[in-house]
Number of protein chains: 2
Amino acid sequence: MNDVLVVDDDPHILKALKITLHAHGYTVVTAHDGESALQCAARHPFGVIVLDLGLPDIDGTTVITRLRQWSRVPVLVLSARHGSDDKVKALDAGADDYVTKPFGLDELLARLRAVQRRSIQADEAPVVRTASFTVDLAMRRVTRNGKDVRLTPTEWGILEILVRNPEKLITQHQLLTEIWGAAYTKEANYLRVYMAQLRRKLEPEPGNPRHFMTEAGIGYRFQP
Amino acid sequence: MNDVLVVDDDPHILKALKITLHAHGYTVVTAHDGESALQCAARHPFGVIVLDLGLPDIDGTTVITRLRQWSRVPVLVLSARHGSDDKVKALDAGADDYVTKPFGLDELLARLRAVQRRSIQADEAPVVRTASFTVDLAMRRVTRNGKDVRLTPTEWGILEILVRNPEKLITQHQLLTEIWGAAYTKEANYLRVYMAQLRRKLEPEPGNPRHFMTEAGIGYRFQP
DNA sequence: ACGGATCTTGACGCCGTCTTAACGTGCGCG
DNA sequence: CGCGCACGTTAAGACGGCGTCAAGATCCGT
């Protein structure tokens, strides 16, 4: 859902936005008029659409209206016009935000984040599922076979770090400093104790871990 | 859900907004600083909050951050500062839109409509029922076995935050800062006293709580 | 000013969590 | 083959948080 569709008839702005957004981790698709923008949006589900109001073929507000007949994708409008009439029309047509040129790129990025955050919240909670248990980061809750699993604060701390970095190797040093503080980097024993408890509570076979893998001498890795 | 909370320290702007919004069908409540705004928001579910960044007591961005710890109500920020740094901070803290003064009233109204339209899907039932009691957030009333239960202001404050976030774990820190203020984050004792009172008034078995669960070392969770 | 409700504060026993240590196991390396 | 290292497992004691109660202190309406 990090795909963004940028619609503008000015090739310079288009190129600048494409480069900037790409540099910030977005996958960018561009369109230069309203019709192709609508077709693009219909063919591919974007996380957000950046739309210039001054398009050669159809009015930008019309684009929003037609888009809103079947899609709820967040739309951020760009415009050179400062007239509040245009803003009102675009927003009431279904736009989610409105930025007038010239604009700061960091402001645009912040508004993009704000607009996207809302649509994500409306859609789904940050939940991580595995074959044997489910972790709900927002609710701070772990479920296994439909039953809640009771975790102590330390257990949850470790689980959260691992689960937020799936497939990624987390060093013992990282875990120890994050949970206990920088003074405890030598207490690898703590990790062994708590990893054993986590596995006993969450793994189908605590002796043969499938989700909490240990990399000897380095750290641990969470496998969804 | 047409209630709007307007937060501004300038009484003239406050009055002007109140009149204008009221003329357009909104029910308006006003606050003149950050603390009272947060308390207002905790006691009454608003459809949208209009927040000026320049408040006398706490930074507007901080208000948003604290509000976002337990509420998803749409927030529209007003500010005299054109600097994009302020915009970025406010938006990333969780604001939904940002308008710089001076602004057109019709633009503000349009942005209000846009912000509210998005949150419609997320709107919540104002009354929460459990097996043993019923909470009406709008009426500020708790019923048990058909009888009204009398709650003190503090008891209600805690209950409301918990009930507005069903299933979700609320940290002691969140509760203490929202009810007593940021200076009381060490007084976990208060929570124990009031949780005991809430359970005595609402739980079938205060000793074996079924709805107000405590997560040792972290906080509390409301179970409908 | 008075009285009741509400909030603050302290003390106590209980229980869960953390810490720590000891022991067993598997693996690599000399 | 045996030694050492890292890891897994377990258990016991220390520690701190939690629930509970009750006694002041404070707020508020009459």
Side-chain angles (χ1 to χ4, degrees), chain A residues 140 142 148-160 162 169-181 183-222, chain B residues 39 43 140 142 148-160 162 169-181 183-222:
Chain A
R140 203 160 184 161
V142 184
D148 276 14
V149 179
R150 179 164 176 71
L151 293 186
T152 72
T154 308
E155 288 164 5
W156 173 264
I158 296 176
L159 176 68
E160 183 168 16
L162 290 174
L169 174 56
I170 309 294
T171 68
Q172 300 179 1
H173 187 274
Q174 217 169 326
L175 285 170
L176 287 167
T177 53
E178 196 75 35
I179 305 287
W180 283 276
Y184 290 73
T185 56
K186 289 302 172 194
E187 306 285 350
N189 224 338
Y190 293 6
L191 286 182
R192 286 198 278 279
V193 172
Y194 280 99
M195 287 309 299
Q197 297 203 2
L198 270 182
R199 292 205 253 244
R200 187 170 347 118
K201 289 184 177 180
L202 298 179
E203 289 275 8
E205 289 179 82
N208 262 22
R210 294 176 51 191
H211 301 106
F212 300 104
M213 317 303 292
T214 137
E215 308 268 344
I218 315 277
Y220 295 86
R221 183 196 307 274
F222 169 64
Chain B
Q39 290 186 8
R43 276 156 181 65
R140 182 160 300 145
V142 184
D148 275 14
V149 179
R150 175 162 181 75
L151 294 186
T152 73
T154 308
E155 288 164 6
W156 174 262
I158 295 176
L159 176 68
E160 180 163 21
L162 289 174
L169 175 55
I170 309 296
T171 67
Q172 301 179 2
H173 188 273
Q174 278 178 55
L175 287 169
L176 288 168
T177 53
E178 287 307 324
I179 305 288
W180 282 277
Y184 290 73
T185 56
K186 287 302 170 192
E187 304 286 351
N189 237 335
Y190 293 7
L191 286 181
R192 288 198 280 278
V193 173
Y194 280 98
M195 287 308 300
Q197 298 203 2
L198 270 181
R199 293 206 252 243
R200 192 171 335 123
K201 289 184 177 180
L202 298 179
E203 290 274 7
E205 288 178 83
N208 263 25
R210 293 177 51 192
H211 301 106
F212 300 103
M213 315 302 293
T214 137
E215 306 268 345
I218 313 280
Y220 296 86
R221 184 197 305 273
F222 169 64

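Below, read A as the first sequence line, B as the second, and so on, with proteins coming before strands; counting in each chain starts at 1.
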Subject >> Nucleotide nearest A/Thr152 (side chain, heavy atoms from C-beta), chosen from C/dC7, C/dA11, C/dC18 >> reply: C/dC18

Subject >> Interatomic distance, A/Lys186 NZ vs C/dT20 C1' [rounded to whole Å] >> reply: 19 Å

**OP:** Would you kindly give the CD-to-C1' distance between A/Glu203 and D/dG8, to the nearest whole Å?
**Re:** 13 Å

Subject >> Presence of B/Trp180 side-chain N/O under 4.0 Å of C/dC7 phosphate oxygens OP1/OP2 >> reply: no

Original post:
Is any side-chain heavy atom of B/Met195 closer than 4.5 Å to a side-chain heavy atom of B/Tyr220?
Top reply: yes

Subject >> Option passing side chain to side chain contact (heavy atoms under 4.5 Å, CB included) with A/Gln172 (candidates A/Thr214, A/Leu191, A/Thr185) >> reply: A/Leu191

Original post:
Just how far, in rounded Å, is C1' of D/dG17 from CD of B/Glu187?
Top reply: 15 Å

Subject >> Short side-chain N/O contact from B/Arg200 to OP1 or OP2 of D/dT20, under 4.0 Å >> reply: no

**OP:** Give a yes/no on whether any side-chain N or O of B/Thr214 is located under 4.0 angstrom from OP1 or OP2 of D/dC18.
**Re:** no

Original post:
Taking side chain as C-beta onward, heavy atoms only, is A/Leu159 less than 4.5 Å from A/Phe212?
Top reply: yes

Original post:
Can you find a side chain N or O atom of B/Arg192 that sits less than 4.0 Å from OP1 or OP2 on D/dG19?
Top reply: no

Subject >> Atom-to-atom span, NZ of A/Lys201 to P of D/dT10 - whole angstrom >> reply: 14 Å

Original post:
At under 4.0 Å, does any side-chain N or O of B/Tyr190 touch on OP1 or OP2 of C/dC7?
Top reply: no

**OP:** Specify the separation, in whole Å, of atom CG of B/Leu198 and atom P of C/dC7.
**Re:** 11 Å

Original post:
Can you tell me if the side-chain N/O atoms of A/Gln197 get under 4.0 Å from OP1 or OP2 in C/dT17?
Top reply: no

**OP:** Please determine, for the side chain of B/Arg199, which listed nucleotide (C/dT8, D/dG19, C/dT6) has the closest atom?
**Re:** D/dG19

Original post:
Closer to the 5' end of DNA chain C via nearest nucleotide, is it A/Leu151 or A/Asn189?
Top reply: A/Leu151

Subject >> For atom CE of A/Met195 and atom P of D/dC7, their distance in whole Å >> reply: 11 Å

Original post:
Whole-Å distance between C/dT17 P and B/Glu215 CD?
Top reply: 10 Å

Subject >> Phosphate OP1/OP2 of C/dC18: any A/Tyr194 side-chain N/O under 4.0 Å >> reply: yes

Original post:
Out of D/dG19, D/dG8, C/dT8, which nucleotide sits closest to the side chain of A/Tyr220?
Top reply: D/dG8

Original post:
Is the backbone of A/Arg140 close enough, under 3.5 Å, to the side chain of B/Arg221 for a donor and an acceptor to pair up by distance?
Top reply: yes

Original post:
Donor-acceptor pair, B/Glu203 side chain versus B/Asn208 backbone, under 3.5 Å?
Top reply: no

Original post:
Taking the side chain of B/Val193 as heavy atoms from C-beta outward, which of D/dG19, C/dC7, C/dG10 is closest to it?
Top reply: C/dG10

**OP:** Can you tell me the distance, in whole Å, between the CG atom of B/Leu176 and the P atom of C/dT8?
**Re:** 11 Å

**OP:** For B/Glu155, report the nucleic acid contact type (base, sugar-phosphate, nothing); a contact means any heavy atom under 4.0 Å.
**Re:** nothing

Original post:
With a cut-off of 6.0 Å (strictly less than), are more than 12 heavy atoms of other residues, nucleotides or ligands near CD of A/Glu178?
Top reply: no

